[in-house]
Amino acid sequence: KQEVTQIPAALSVPEGENLVLNCSFTDSAIYNLQWFRQDPGKGLTSLLLIQSSQREQTSGRLNASLDKSSGRSTLYIAASQPGDSATYLCALDSGGGADGLTFGKGTHLIIQP
Amino acid sequence: KAGVTQTPRYLIKTRGQQVTLSCSPISGHRSVSWYQQTPGQGLQFLFEYFSETQRNKGNFPGRFSGRQFSNSRSEMNVSTLELGDSALYLCASSSGQVKSEQYFGPGTRLTVT
């Protein structure tokens, strides 16, 4: 059974810093990995999707990497802004879509102005 | 292109009642997945529908059921509500193809009193 762990559970940094969020998983037989952000009481916004054959994806100030052999993914946020404050979740697709995504518990990020 | 919509956004029900939640996927998407999010358990997969067929189901009791219509809209039903069913219920839409990206709706906040 796939298990997903996100470290740290919470993080508070001053505006402008670069930061890294970590996601580790136990089963490397995955189809893809998605990073989401969730604002309080809201739904999930997809940030980046990395297919199992890819090593990284970039979107603006965000860069996500995937290392299946070590069971790790990182989300790098450059030049953080207060608007980046949210909970960041990583999710793995191990069943080709039909089995649903397996989520970590998330990293609660606060960017101090 | 309109995103995933969920109705209602908020619900308050009494123990023992039943409830029906609705999800309209992105136009052209044929897969709808449902998730329950609670502070203690995080996001957990309920079930996934593709072309009106349930392809998989998570580890939830039979009180949780769903269906999908020919227009891909989906409904989720919870019977005999318990206090522990209080949660944010999220649906996700995708093309249904292997490795496809999941797009989430804003969720329905269910409170059981």
Side-chain angles (χ1 to χ4, degrees), chain A residues 1-7 9-10 23-25 27-54 57 59 62 64 66 68 73 86-108, chain B residues 3-7 9-10 21 23 25-26 29-51 53-60 64 66 68 87-111:
Chain A
K1 178 190 168 191
Q2 180 74 271
E3 293 184 4
V4 182
T5 303
Q6 290 189 247
I7 294 173
C23 172
S24 61
F25 48 94
D27 186 351
S28 62
I30 64 171
Y31 286 87
N32 61 44
L33 182 149
Q34 261 183 278
W35 281 93
F36 296 90
R37 74 172 272 168
Q38 185 175 31
D39 294 287
K42 302 291 180 63
L44 278 61
T45 300
S46 180
L47 298 173
L48 289 164
L49 170 73
I50 309 179
Q51 301 291 355
S52 60
S53 58
Q54 298 175 319
Q57 280 287 340
S59 176
L62 305 179
L66 174 63
K68 288 198 306 177
S73 176
T87 296
Y88 290 80
L89 296 147
C90 79
L92 280 79
D93 180 358
S94 303
D99 295 340
L101 299 175
T102 303
F103 283 85
K105 292 291 180 71
T107 293
H108 181 54
Chain B
V4 181
T5 59
Q6 291 187 245
T7 56
R9 295 292 311 280
Y10 303 92
L21 313 181
C23 172
I26 291 170
H29 282 187
R30 297 165 65 189
S31 169
V32 173
S33 300
W34 288 90
Y35 295 82
Q36 181 194 66
Q37 186 176 31
T38 59
Q41 299 298 317
L43 274 149
Q44 294 183 285
F45 171 69
L46 281 156
F47 30 66
E48 189 261 0
Y49 285 87
F50 178 80
S51 293
T53 300
Q54 185 183 92
R55 292 200 291 189
N56 216 331
K57 182 177 169 68
N59 190 24
F60 278 83
F64 291 82
Q68 187 179 33
L88 181 66
Y89 290 88
L90 294 160
C91 79
S93 157
S94 78
S95 68
Q97 303 304 311
V98 174
K99 301 186 182 183
S100 57
E101 189 167 358
Q102 304 277 332
Y103 299 89
F104 281 76
T108 294
R109 171 71 64 183
L110 172 64
T111 301

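By convention in this document, chain letters (A, B, ...) are assigned in the order of the sequence lines, proteins followed by strands, and residues within each chain are numbered from 1.
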Enquirer: The criterion is side-chain contact (heavy atoms from CB on, under 4.5 Å); which residues satisfy it with A:Glu3, sequence neighbours excluded?
Expert: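 side-chain contact (heavy atoms from CB on, under 4.5 Å) check on A:Glu3 returns A:Thr26.
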
Enquirer: In Å and rounded to the nearest 0.5 Å, what is the CG to OG distance from A:Asp93 to B:Ser100?
Expert: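 One finds 7.5 Å between CG of A:Asp93 and OG of B:Ser100.
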
Enquirer: Between A:Leu89 and chain B, which part of the residue has a heavy atom less than 4.5 Å away: side chain, backbone, both or neither?
Expert: side chain

Enquirer: Test your reading of the model: is there a side-chain donor-acceptor pair from B:Tyr35 to the backbone of A:Leu101, 3.5 Å cut-off?
Expert: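 Present.
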
Enquirer: Report which part of A:Thr102 has an atom under 4.5 Å of a heavy atom belonging to chain B: side chain, backbone, both, or neither.
Expert: neither

Enquirer: If you compare all heavy atoms of A:Gln38 against all heavy atoms of B:Leu88, which two are closest, and at what distance to 0.1 Å?
Expert: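 In this case the closest contact between A:Gln38 and B:Leu88 is NE2-CD2, 3.8 Å.
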
Enquirer: For chain A, find which of B:Glu101, B:Arg109, B:Gln54 contributes the most heavy-atom pairs closer than 4.5 angstrom.
Expert: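 The candidate making the most pairs under 4.5 Å is B:Glu101.
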
Enquirer: Find the distance between OG (A:Ser46) and CZ (B:Phe104) and round it off to the nearest 0.5 Å.
Expert: 9.0 Å

